[in-house]
Amino acid sequence: QVQLVESGGGLVQAGDSLRLSCAASGRTFSTYAVGWFRQAPGKEREFVSAINRGGFSKYYADSVKGRFTISRDNAKNTVYLQMNSLKPEETAVYYCAADRKYVPGTTMAGYEYWGQGTQVTVSS
C-alpha cells in the first residue's frame, strides 16, 4: 500500500509555471507507476501525464505535450509535474495516483491509490 500527498499548487497568471510534487510513503515506491489527473469544476477528472516505474517511459495528454514534464526521483519517493505556459482553462484540482502496473494507465480505472489533490488556479 502507498499513501500519496500532492503539493505545489497555487494561484498563478496565464503563461506562468508551477511544479507539482507527489510524495509517497513506503519503501516500494519504485514499483509503482504514477499518473497525474486533473478535475475542473463541473467536469470529469481527466488524464494529464504518467510515468512508469523506472522513469524512462512518459505519457502525456495531447493538450499538455510540449508544456508539461513529468519526472520522478525514486530515492526521494517523489514524482514531479513541471507545468509551463499555464492556461486559465487548466484551472483544476490536480491529483496524483499510483498503481503497480508495469505500463502506466491513462484512465482513472488504471490506478488503485490516489492523493487528496492540490488546487491550481490560473488567472487570465
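Along the sequence shown, the residues carry numbers beginning at 1.
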Legend entry - Separation of T28 OG1 from Q1 CD (nearest 0.5 Å): 10.5 Å
Legend entry - Interatomic distance, Y94 atom OH to E6 atom CD [nearest 0.5 angstrom]: 12.5 Å
Legend entry - Nearest non-hydrogen partners of L18 and V120, listed with the distance: CD1-CG1, 3.9 Å
Expected list for residues 9-17: side-chain donor-acceptor pairs under 3.5 angstrom, two or more places apart:
{"residue": "D16", "atom": "OD2", "partner": "Q13", "partner atom": "N", "Å": "3.1"}
{"residue": "S17", "atom": "OG", "partner": "N84", "partner atom": "OD1", "Å": "2.9"}

Legend entry - Neighbour count above 12 (heavy atom, 6.0 Å) for Q116 CD: no
Inset, instruction - State yes or no: do W114 and V79 share one hydrophobic cluster built from I, L, V, M, F, W and Y residues joined by side-chain heavy-atom distances below 4.5 Å, directly or via other members? - result: no
Legend entry - From Y80 atom OH to L20 atom CG, the distance as rounded to the nearest 0.5 Å: 12.0 Å
Legend entry - Distance in Å, R38 CZ paired with R45 CZ, rounded so as to fall on 0.5 Å steps: 13.0 Å
Inset, instruction - Measure from the side-chain N and O atoms of T69 to the backbone N and O of Q82, and report whether any donor-acceptor pair falls under 3.5 Å. - result: no
Inset, instruction - Report yes or no: do M108 and V48 belong to one cluster of Ile/Leu/Val/Met/Phe/Trp/Tyr joined by side chain heavy-atom distances under 4.5 Å? - result: no
Legend entry - Pairwise side-chain contact, Y59 with V103, heavy-atom cut-off 4.5 Å (strictly under): yes
Inset, instruction - Determine whether P104 and N52 make a side-chain contact, defined as any pair of heavy atoms from C-beta on separated by less than 4.5 Å. - result: yes
Legend entry - Straight-line distance of I70 CD1 to W36 CH2, nearest 0.5 Å: 8.0 Å
Legend entry - V64 side chain reached by M83 side chain, heavy atoms, under 4.5 Å: no
Legend entry - Closest heavy-atom pair and its distance - A98, L4: N-CD1, 3.7 Å
Inset, instruction - Locate the shortest heavy-atom distance separating R67 from L86; write the atom from each residue and the value. - result: NH1-CA, 4.1 Å
Legend entry - T78 side chain near F29 side chain, heavy-atom distance below 4.5 Å: no
Inset, instruction - Sequence neighbours left out, what pairs pass disulfide (SG to SG under 2.5 Å) with at least one residue falling in residues 14-74? - result: C22-C96
Inset, instruction - Write down the atom of R53, the atom of K101, and the distance for their closest heavy-atom approach. - result: NE-O, 3.9 Å
Inset, instruction - Output every pair passing disulfide (SG to SG under 2.5 Å) with a member in residues 60-95, not counting sequence neighbours, ordered by first then second residue. - result: none
Legend entry - Shortest non-hydrogen contact from Y60 toward K65: O-CE, 3.4 Å
Inset, instruction - Please name the pair of heavy atoms, one in A50 and one in G105, separated by the smallest distance, quoted to 0.1 Å. - result: CB-O, 4.0 Å
Inset, instruction - Apply salt bridge (charged side-chain N to carboxylate O under 4.0 Å, His left out) to E112 and R100, showing your working. - result: CA-CA 8 Å; E112 183 174 3; R100 285 188 177 271; over 6 Å; no
Legend entry - Pair F37 + Y111: ring centers closer than 6.0 Å: yes
Legend entry - Separation of L81 CG from S21 OG (nearest 0.5 Å): 9.5 Å
Legend entry - Common cluster, V34/F68, ILVMFWY with side-chain heavy-atom separation under 4.5 Å: yes
Inset, instruction - In sequence, state the C-alpha distance, the side-chain angles, and the governing distance for E89 and V122, and then conclude on side chain to side chain contact (heavy atoms under 4.5 Å, CB included). - result: CA-CA 8 Å; E89 55 265 36; V122 185; over 6 Å; no
